[in-house]
Amino acid sequence: MTSYTVINPATERPVTQIEHTTAEQTDAAIERAARAQEAWRAVAPGDRGRLLRRFAEEIDAHVDELAALETTGSGHPVGAATWEAGQVRDVLAYYAAAPERLTGKQIPVPGGLDVTFKEPLGVVGLIVPWNFPMPILSWGLAPALAAGCTVVAKPAEMTPLTAIRIGELALAAGLPEGVFQVLPGTGSVVGQRLVDHPLVRKIVFTGSTEVGQQIMAGCARHIKRLTLELGGKSANIVFADADIERAAASAPYAVFDNAGQDCCARSRILVESSVLDRFMELLEPAVKSVRVGDPAAADTEMGPLISAAHREHVASYVPTDAPVAFRGSAPDGAGFWYPPTVLAPVAADAPAYTEEIFGPVVTVTPFADEAEAITLANDTPYGLSGSIWTENVGRAVRVARAVETGNLSVNSHSSVRYWTPFGGFKQSGLGRELGPDAVDAFTDVKNLFIATN
Ligand code: NDP
């Protein structure tokens with residue numbers, strides 16, 4: 001059996017060692033989940049909801065502990081990590097209301113009665129990335145459990161600690177054995193087995209577009225249901241008629257949240273040429289005032305990157321001759337630190353402009369008019385997120401409808417809320433998570449005709 005040493009990204013010191021789950025153990029867990037599902041789907045909807053509420057309460061009682069684990073094991077600033085643990089609680093509580101609302105339809109037909117049922121799919125395999133270990137786990141877990149599915153989750157190899165603890169808290173809350181299992185391990189063993197095992201009826205994958213493509217191909221062999229949340233290269237579009245002060249003040253938070261390791265990062269700022277100079281004047285102090293440092297300190301806004309290898313990857317987008325307009329600060333010494341960095345002007349074919357960096361690096365590009373802003377925003381294979389800054393409501397709606405992306409905000413840097421749908425256009429994904437309809441994605445519709453004559 002192999003193992004992995006979790007490293008604190010802020011200190012580079014080992015935190016703990018985690019044993020990897022083997023392929024045989026993964027198969028055994030999947031079989032346990034399939035057996036548990038027979039009983040779980042039969043739990044009365046009100047009782048399933050009650051158990052999910054208890055699970056949410058158990059998380060609530062351990063928010064500080066979970067946040068501290070994420071700070072140590074993933075380098076998230078404690079303020080952000082506390083919000084993330086709270087999100088797990090809130091997502092569980094939100095979907096606790098779903099089992100009693102999982103209704104079918106009665107459809108008029110001659111000679112009888114036609115009704116539909118939303119049947120749980122069975123065992124769901126959840127494959128989670130390292131950037132937001134807690135929220136992303138909960139986005140798949142809560143609606144799957146609410147639908148009557150059981151869940152086998154694989155956290156990312158580098159960040160398994162909070163998922164393992166959440167698995168323990170599920171049992172403490174009274175969820176039956178086998179309903180939710182957490183299997184730390186590698187993508188190539190545990191992840192692959194979830195994709196290949198015929199008893200897993202759906203995969204929920206969040207991660208890179210490249211691995212997402214492999215998983216989609218693997219799922220095709222079984223016609224396995226699949227939700228994909230993949231990469232992004234989102235635009236933050238600032239028109240001349242916007243509140244430029246607000247747009248510039250919020251731009252760092254739109255891209256440097258979680259040190260830019262965020263699929264929704266608005267990593268391409270597009271600014272109408274006539275206000276470019278003013279915008280850059282305002283952006284510089286905003287970037288320089290982002291508080292980068294010890295993630296355990298309450299006022300820290302940005303922590304380190306996840307690993308030395310990832311820092312090297314991020315740095316490769318900023319070679320020595322890169323057009324660095326200005327940068328924020330980052331601590332020296334131990335830790336995988338990288339300062340918030342603004343590149344301008346960038347060539348249209350520069351990798352920093354075309355590829356997802358997944359780090360605190362943003363490019364600024366001018367545009368002449370609305371048509372060019374839309375063309376630039378859409379000139380990417382991704383389509384996950386984005387923002388539009390304008391005081392003109394007509395333009396806001398027009399541009400929002402034209403930008404090929406799944407989640408947009410107008411005059412705000414954020415568009416992710418657990419009670420609204422989330423997902424990507426183009427190569428950013430398939431299907432939607434969150435919002436009131438997410439439970440349906442863990443069911444298949446059964447149609448039943450009952451003759452009455
Ligand atoms: P990866 O695609 O490398 O990994 C994601 C998960 O998949 C990990 O748990 C990984 O395991 C696992 N995995 C890797 N290979 C396989 C395989 N062959 N079969 C099954 N599972 C596998 O992504 P990262 O962890 O590097 O995450 C960063 C990416 O995630 C970025 O591109 C980002 O945009 C995207 N992302 C998208 C979001 C969205 O909602 N659209 C949200 C957050 C991130 P392990 O690493 O343990 O080997």
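Start at 1 and go down the list; that is how both ligands and their atoms are numbered.
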Where do E157 and S188 land on the side-chain contact (heavy atoms from CB on, under 4.5 Å) test, with the steps shown first?
CA-CA 11 Å; E157 185 182 11; S188 56; over 6 Å; no
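- For Q214, every heavy-atom contact with ligand 1 shorter than 4.0 Å involves the side chain, none the backbone.
- Between W130 and F358, the distance from one ring center to the other falls under 6.0 angstrom.
- Of the protein's non-hydrogen atoms, the one nearest atom 35 (C) of ligand 1 is G207 O, 3.0 Å.
- Looking at E356 against ligand 1, only its side chain comes within 4.0 Å, counting heavy atoms.
- Taking only nitrogen or oxygen atoms, main chain and side chain alike, S208 reaches within less than 3.5 Å of ligand 1.
- When non-hydrogen atoms are compared, ligand 1 lies under 4.0 Å from the backbone of L230 (N, CA, C, O) but not from its side chain.
- Contact annotation for V128 and ligand 1: only backbone heavy atoms (N, CA, C, O) come within less than 4.0 Å of the ligand.
- Among all non-hydrogen protein atoms, the one lying nearest atom 12 (C) of ligand 1 is I127 CG2, 3.6 Å.
- Not a single N or O atom of T206, backbone or side chain, sits closer than 3.5 Å to an N or O atom of ligand 1.
- In terms of polar-atom proximity, defined here as any N/O pair under 3.5 Å, G187 does make such a contact with ligand 1.
- For atom 4 (O) of ligand 1, the protein comes within 4.0 Å by no heavy atom at all.
- Residue-ligand proximity: F132 is placed with every non-hydrogen atom at 4.0 Å or more from ligand 1.
- Residue K154 has at least one nitrogen or oxygen atom sitting less than 3.5 Å from a nitrogen or oxygen atom of ligand 1, judged on distance alone.
- For atom 27 (O) of ligand 1, the closest non-hydrogen atom on the protein side is P129 CB, 3.5 Å.
- A centroid separation of less than 6.0 Å is found between the aromatic rings of F239 and F367.
- Looking at ligand 1, you won't find any N or O of N131 less than 3.5 Å from one of its N or O atoms.
- Checking only distances, I136 never comes within under 3.5 Å of ligand 1, N or O to N or O.
- Scanning all protein heavy atoms for the shortest distance to atom 16 (C) of ligand 1 gives V211 CG1, 3.5 Å.
- Here atom 25 (O) of ligand 1 lies nearest to W130 when heavy atoms of W130, Y4, F422 are compared.
- Checking only distances, C263 never comes within under 3.5 Å of ligand 1, N or O to N or O.
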